[in-house]
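Structure, as structure tokens:
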Amino acid sequence: MATYYTLEFEQPLRTLEEEIAQLKSRVDALTTGQGPTGTGLPEDLAQAEHALAERLSRHSQTMAELYKQLSPWNTVRVARHPSRPQGRDYIELMLRDFTELHGDRRSGEDPAIVTGFGRIGEFKCLVVAHHKGRNTQEKLRCHFGCPHPEGYRKALHKMQLAAKFGVPIVTLVDTPGAFPGLEAEMRGQAEAIAFNLREMSLLPVPIVSVVIGEGGSGGALGIAVADRVAMLQHAWYSVISPEGCAAILWKQANERTNSQAATALKLTARDNLELGVVDAVIDEPPGGAHRDKVLAARNLERWIVAQLESLTQLEPAELLERRYQRYRGLGSFDLAKQEAPVPG
Amino acid sequence: MANNRSMASITTAKAARSWSDLRPERRSQVPEGLWLRCPGCGQLIYRKQMEANLHVCPECGHHFRIQAGERIHQLADAGTFEAMFEDLRPKDPLAFEDLKPYAGRLKAEQDRTGRPDAVVAGVGFIKGRQAVLCSLDLGFMMGSMGSVVGETVTRSIELATERKLPLIVVSCSGGARMQESTLSLMQMAKTSAALARHDRAGGLFVSVLADPTTGGVTASFAMLGDVILAEPGALIGFAGPRVIRQTIRQELPEGFQRSEFCLKHGLIDKIVHRAELRNELARLIDYAGL
Ligand SMILES: [Zn+2]
């Protein structure tokens, strides 16, 4: 089995995977009559095959159990898994005939947000996707998926282009947050996000948005104002990262407080579905999207296409009214009893 | 000027019966005492004199932070402000608990400030020009935006659009409220969507930024003003200086993210002294022809 980054809570899987690898080569060795013997592994082919089958079934069982009851903090870890598919992965796996478009026409080109036209199912679409970078060089270029203002402005520029030609918009959200830096502030990070929130609410084409990994606050929302919003099963979406929250409210960020903050923030897909912030949770393959990118992309594609099928039936005015009401209704408050009107 | 009037004198009969007037207000956020040291110039100044001077240091012009009641008092023509949306009460949708439960924090802040949440809104006149006025309250959980603040700001925007009134929102906030997590985040989208409609309907929105305006409030309605005014020396930004310092691992330049810095980088329209704010707002309303 491929060596890959193992999360701490996955240690039982790791042990099984090592045994599986050994048993596999033993089965191969016994079949071909070549390779080492001894080392305490079964000498008999049938025995070895049996042991292998047993470990494989135990592996899938253990994996299912571990992932069924992921704690919120472990969900954050899965969402940050280095092998987890990113924006560009899904673009490659879901879209046909993708043509990338660059630049915000004002100050720069931000690779932390990828934009371009492509085809999904029977639809044309404009895709806007956060991208964190798949190797060290790319990660540095993408600032680990933390966009600068030019990223948000590029996104809006291309979305307006899509709106002009009646092309639906698909956004894939995966960012720890908008980049907190000197240059980003100087070029108006807050304004760039705010302006996207305002203008996305009025783009007269369907917008479908999915949090595929990390939904880090305003940096996520800046491309996620949509008619339908979903989260992948192990993604997180919150007003602040667990570490940031722990540092402020618990006065220190460590394993314990990060975990407490992750729980308190109700950041899982299931939680956000209950809060009404997202409309759907999209299943991931057993053990997370990183274990089967193709299946993950297929699930994602199926959901997006279904949304586009229904949203493209709506007249723009109806679409925009529903989008407005979708956000208008979000929030939780009580109404105090009104006092009687003053007589006279 | 407005500064000598007591709070009670400006509240109308109707407003005086409102929830927020049933409890005493804290007059300011500076520690109590006859004298205080100005953080701007280091001088020992006479509190009464500073307060009578719109809470601005008479020596150096340092703008002290003021709470929402004082803000409205300074901006609205005497006796004209009618508070609205006062029946909105925060809830604890996440049953959030850090070192203290959110429900307990809310109660303590409500008792201390005499407000249900971190915002005051209503309709009033500024030099005879009617406007929807809204101010965040820094004294209540750092002016953070949860559902009640988001809903109040949104209702204010919708009211301004519907009645074709100018909209003035004074921001001072630490950002979106953590204790309501994504519901707070969604208030950014909600307020911005309402502003989109206000904008397309030809409405005027003047955003006034006071110290400090950061995070999700900056990244939504605060930065969406047709005109953005700032008080002198106000900290205005998306990320806080501490987070930025940690990210770039170097000291930040002098005056970084202050109003003057923001003006220089084209992020705001104008820096306005507190004593000039009413004049400037009235002037802008006239230029917009409202
Ligand atoms: Zn001073």
Side-chain angles (χ1 to χ4, degrees), chain A residues 177-182 184-195 197-202 215 217-218 220-222 224-225 237-240 244-246 248-251 260-261 264-267 271-272 275-278 323-324 327-328 330-339 342, chain B residues 13-14 17 19 86-91 93-94 96-99 116 146-148 150-151 154 176-178 180-190 192-197 199-200 215-216 218-224 236-240 243-244 247-248 252-253 256-257 265-267:
Chain A
F179 192 78
L182 210 71
E185 294 289 325
M186 287 179 188
R187 294 198 290 268
Q189 185 73 286
E191 190 274 344
I193 292 170
F195 197 65
L197 302 186
R198 189 180 98 173
E199 294 304 312
M200 284 184 84
S201 77
L202 289 181
S217 196
L221 185 62
V225 174
Y237 197 7
S238 167
V239 70
I240 187 169
C245 181
I248 299 169
L249 293 181
W250 277 264
K251 321 280 182 216
Q260 287 174 318
L265 285 166
K266 299 276 193 287
L267 47 63
D271 289 331
N272 277 295
L275 290 170
V277 170
V278 304
R323 191 182 302 158
Y324 189 78
Y327 289 93
R328 188 66 190 82
L330 285 173
S332 169
F333 50 82
D334 278 327
L335 292 179
K337 285 203 178 65
Q338 289 285 7
E339 293 159 66
V342 185
Chain B
K14 190 178 164 201
R17 294 183 60 262
W19 198 87
E86 290 189 295
D87 55 337
L88 298 172
R89 295 285 179 281
K91 276 169 78 172
L94 278 57
F96 193 99
E97 186 163 354
D98 49 90
L99 299 178
S147 299
V148 168
E151 181 68 19
T154 304
R177 189 173 295 169
M178 288 180 281
E180 295 182 31
S181 199
T182 40
L183 288 179
S184 300
L185 191 67
M186 293 304 126
Q187 305 310 309
M188 295 168 63
K190 185 162 99 180
S192 301
L195 282 172
R197 290 187 164 189
D199 175 62
R200 298 309 197 268
T218 322
S220 60
F221 60 86
M223 273 295 157
L224 291 175
I236 299 160
F238 176 64
V243 174
I244 297 171
T247 308
I248 64 171
L252 299 170
F256 178 62
Q257 286 182 318
H265 288 278
L267 303 175

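Labels below follow one simple rule: chain letters A, B, ... track the order of the sequence lines, proteins then strands, and each chain is numbered from 1.
- Both the backbone and the side chain of A:Leu265 come within contact range of chain B, each with at least one heavy atom under 4.5 Å from a heavy atom of that chain.
- Considering only heavy-atom pairs separated by less than 4.5 Å from chain B, the leading option among A:Met200, A:Glu185, A:Gln189 is A:Glu185.
- For A:Ala194 against B:Met223, the heavy-atom pair with the smallest separation is CB-CB, 4.2 Å.
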Walk me through whether B:Phe238 and B:Thr218 qualify under side-chain contact (heavy atoms from CB on, under 4.5 Å). CA-CA 6 Å; B:Phe238 176 64; B:Thr218 322; 5.6 Å; no
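- For a residue to count as touching a neighbouring chain, one of its non-hydrogen atoms must lie under 4.5 Å from one of that chain's; by this rule B:Ala222 does not touch chain A.
- Heavy atoms closer than 4.5 Å to chain A are found in both the backbone and the side chain of B:Leu224.
- Heavy atoms of A:Ile240 lying under 4.5 Å from chain B belong exclusively to its side chain.
- B:Lys190 has a carboxylate O that lies under 4.0 Å from a charged side-chain N of B:Glu151, or vice versa, which qualifies the two as a salt bridge.
- Contacts with chain B were tallied for A:Gly188, A:Ala246, A:Ser238; A:Ser238 has the most, counting heavy-atom pairs under 4.5 Å.
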Apply the test salt bridge (charged side-chain N to carboxylate O under 4.0 Å, His left out) to residues A:Lys266 and B:Glu97: give CA-CA distance (whole Å), side-chain angles for both, the deciding distance (0.1 Å), then the verdict. CA-CA 11 Å; A:Lys266 299 276 193 287; B:Glu97 186 163 354; over 6 Å; no
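- When all heavy atoms are compared, the tightest approach of B:Met188 to B:Gly216 is CG-O, 3.4 Å.
- Looking only at side-chain heavy atoms (C-beta outward), B:Glu180 and B:Pro93 come within less than 4.5 Å of each other.
- Using a 4.5 Å cut-off between heavy atoms, A:Ser201 contacts chain B through its side chain alone, with no backbone atom that close.
- Judged by distance alone, the side chain of B:Gln187 and the main-chain N or O of A:Leu330 form a donor-acceptor pair under 3.5 Å.
- The residue among A:Leu335, A:Ile193, A:Leu267 with the most heavy atom pairs within less than 4.5 Å of chain B is A:Leu335.
- Of the atoms belonging to B:Leu88, heavy atoms from both backbone and side chain fall under 4.5 Å from chain A.
- Considering all non-hydrogen atoms of both residues, B:Ala176 and B:Ser184 come closest at CB-CB, 4.0 Å.
- Comparing A:Leu275, A:Leu182, A:Val278 by how many heavy-atom pairs each has under 4.5 Å with chain B, the most go to A:Leu182.
- For A:Glu191, the parts sitting under 4.5 Å from any heavy atom of chain B are the backbone and the side chain alike.
- Contacts between A:Ile248 and chain B at a heavy-atom distance below 4.5 Å involve the side chain alone, from C-beta outward.
- Interface check for chain A: of the options B:Val148, B:Leu183, B:Leu252, the most heavy-atom pairs under 4.5 Å are formed by B:Leu183.
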side-chain contact (heavy atoms from CB on, under 4.5 Å) between B:Met186 and A:Leu221: does it pass, once the steps are laid out? CA-CA 8 Å; B:Met186 293 304 126; A:Leu221 185 62; 4.0 Å; yes
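- Annotation: the span from A:Glu199 atom CD to B:Ser192 atom OG amounts to 10.0 Å, rounded to 0.5 Å.
- Scanning both residues, A:Tyr237 and A:Gly215, for their nearest heavy atoms gives CD1-O, 3.2 Å.
- Taking B:Arg177, B:Arg197, B:His265, B:Met178 one by one and counting their heavy-atom pairs under 4.5 Å with chain A, the maximum is reached by B:Arg197.
- Between chain B and the options A:Asn272, A:Leu197, A:Leu249, the largest number of non-hydrogen pairs under 4.5 Å is found for A:Leu249.
- B:Phe96 CZ to B:Ser181 OG: the interatomic distance, rounded to the nearest 0.5 Å, is 7.5 Å.
- Closest approach of B:Ile248 and A:Gly181 over heavy atoms only: CG2-CA, 4.3 Å.
- Only the backbone of A:Arg187 comes within contact range of chain B, judged by heavy atoms closer than 4.5 Å.
- Most heavy-atom pairs under 4.5 Å with chain A: of the set B:Ile244, B:Thr154, B:Val243, this distinction falls to B:Ile244.
- In this structure, chain A has a heavy atom under 4.5 Å from the side chain of B:Gln257, while its backbone stays farther away.
- When A:Gly218, A:Cys245, A:Ser217 are compared by the number of non-hydrogen pairs under 4.5 Å with chain B, A:Ser217 comes out ahead.
- The candidate with the highest count of non-hydrogen atom pairs below 4.5 Å against chain A, out of B:Leu195, B:Asp199, B:Ile236, is B:Asp199.
- The part of A:Leu202 that comes within reach of chain B is its side chain, from C-beta onward, which places non-hydrogen atoms under 4.5 angstrom from that chain.
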